[in-house]
2 protein chains.
Amino acid sequence: MTQTPERLTKGERTRRRILHTALEIFAERGYAGVSLREVASRAGITHAGLLHYFTGKDDLLLTMMIERDRAEIEAIRSYVAAGTGPSSVEQIIVRWMIRDIARNQSRPDIAPLFVKLSTEATESGHPAYDYFRGRYIRLRETLARGFAYEFAAAEPPVEGRDPGLCAQQFIALADGLQVQWLLDPESTDMVASLLDYLGILGIDAEGWADIAVPEDRSA
Amino acid sequence: MTQTPERLTKGERTRRRILHTALEIFAERGYAGVSLREVASRAGITHAGLLHYFTGKDDLLLTMMIERDRAEIEAIRSYVAAGTGPSSVEQIIVRWMIRDIARNQSRPDIAPLFVKLSTEATESGHPAYDYFRGRYIRLRETLARGFAYEFAAAEPPVEGRDPGLCAQQFIALADGLQVQWLLDPESTDMVASLLDYLGILGIDAEGWADIAVPEDRSA
DNA sequence: GTCTATATAATGATAGAC
DNA sequence: GTCTATCATTATATAGAC
């Protein structure tokens, strides 16, 4: 389905290396505070070389975000397709997010990026404003269906809670915990906090952080 | 206790105007993405004029944050002192935060600033890293005592919940909701969401957004 | 595919006039 | 108390060599 790295052209490999590096640096220091020269340098080329692949800084940012989203969505789909039980996205999305945050807590990757960029992008006119707006809306919808499923599947079933509101709260909680965790990792257990929230709702999420999921194969 | 604006020296008035303007612009577009020239220009002076009052950009940021904190703490203290009932900070801090967010939702002010800057400052080495780290720790402690009070005061009293964990969740929720609200104000009711969370915990927070509190008198 | 060289603009900061 | 003038640095972006 996808080519193995060895069979990629040199250009394609460079392009991916740039995207990977950009993700790393933007995750560390946001968008406005990072220069193309630095991204390029850490990717082993000059900034002029980088601009051979992307028309500019905005293009790099948005390409990176969209590419990353695509990979995430594909990972979820393939997990569902190969799943041992769950046969739709809403049946695994809440667990997926828990597992995702658990993984990020032990090996930070994309989460700090999203939190930093999403706040930075809240100013209308920011190159990623539309992207993030749409992303949050879609995520909230998907997660709302996930909560509706979990409420029905819970033992006993959860009554009287609005899945949309819970989706909103869950996302907010995850984002906000990320900030506290980045500032003070020792005193912030994101997974425990999220599982506790699910517990308050009446969802027994014991062990959700440990569900087996195929790892990302991207560099 | 404080001098009236008319009696301030010209320099002091300018200094305050700069701080006020900086807060506005940093709240809009973060720290890294804003230039001193822009702050100065919107404050009606040149950037060299601004640097007469602050040693540099970092100094402006930190002075602004600390000054703002001081005003907030004083406001809480004076509310408690003049209070009709509650006689300590922990008895009103949860309600205060709800009211504060309600006010910010109708007239955005300082909240977008804190969310944007706090994420930006999560990188160690950022000029405001230490400040935000300390601020979150203090806020969490204060709020934990607040939750302990509310749990005991609830009807019926709330048992078996960790006030510290709730404080962490409440702050995370407030921060995260702010992001969603900034991106999509129509579909995000921060106050309703927070009151719902308190409701899940067993705290009846009906009307907490409307408690009367003396307004800030600062420009 | 990546480089050097360069154009152009903006930044944080300083010195010193007024 | 605020300005103009200027500096050194860095930025994004382009043109064209190799």
Rounded interatomic separation in angstrom, taking [atom1] from [X] and [atom2] from [N]:
{"X": "I25(A)", "N": "dA11(D)", "atom1": "CD1", "atom2": "P", "value": "11 Å"}
{"X": "L36(A)", "N": "dA9(C)", "atom1": "CG", "atom2": "P", "value": "18 Å"}
{"X": "E38(B)", "N": "dA13(C)", "atom1": "CD", "atom2": "P", "value": "16 Å"}
{"X": "L60(A)", "N": "dA13(D)", "atom1": "CG", "atom2": "C1'", "value": "14 Å"}
{"X": "L51(A)", "N": "dT8(C)", "atom1": "CG", "atom2": "P", "value": "18 Å"}

- Any chance you could list the contact pattern along nucleotides 1-7 of chain D? Use B for base contacts, S for sugar-phosphate-only contacts and - for none, protein heavy atoms under 4.0 Å, 5' to 3'. BBBB-B-

- Task: Extract the stems that DNA chain C is part of, considering only consecutive pairing runs of at least three Watson-Crick or G-U wobble pairs, both distances under 3.5 Å.
- Result: C:1-7 with D:12-18, C:9-18 with D:1-10

- Item | dA10(C) OP1/OP2 closer than 4.0 Å to side-chain N/O of S35(B) | no

- When you measure from the centre of the six-membered ring of F114(A), is the NZ or CZ of R135(A) under 6.0 Å away and within 45° of the axis? yes

Would you say the side chains of [X] and [Y] form a donor-acceptor pair under 3.5 Å?
{"X": "E186(B)", "Y": "W181(B)", "answer": "no"}
{"X": "Q169(B)", "Y": "Y197(A)", "answer": "no"}
{"X": "Q168(B)", "Y": "S193(A)", "answer": "yes"}
{"X": "D59(B)", "Y": "T63(B)", "answer": "yes"}

- Under 3.5 Å donor-acceptor, Y53(B) side chain and R16(B) backbone: no

- Message: Looking at R140(B) and A167(B), would you say the former's side chain and the latter's main chain have a donor-acceptor pair under 3.5 Å?
- Response: no

- Message: For a quick check of understanding: with a heavy-atom distance under 4.0 Å over all strands, which category does V34(B) fall into, base, sugar-phosphate or nothing?
- Response: sugar-phosphate

- Contacts of L62(B) that satisfy side chain to side chain contact (heavy atoms under 4.5 Å, CB included) - sequence neighbours left out: A128(B), Y131(B)

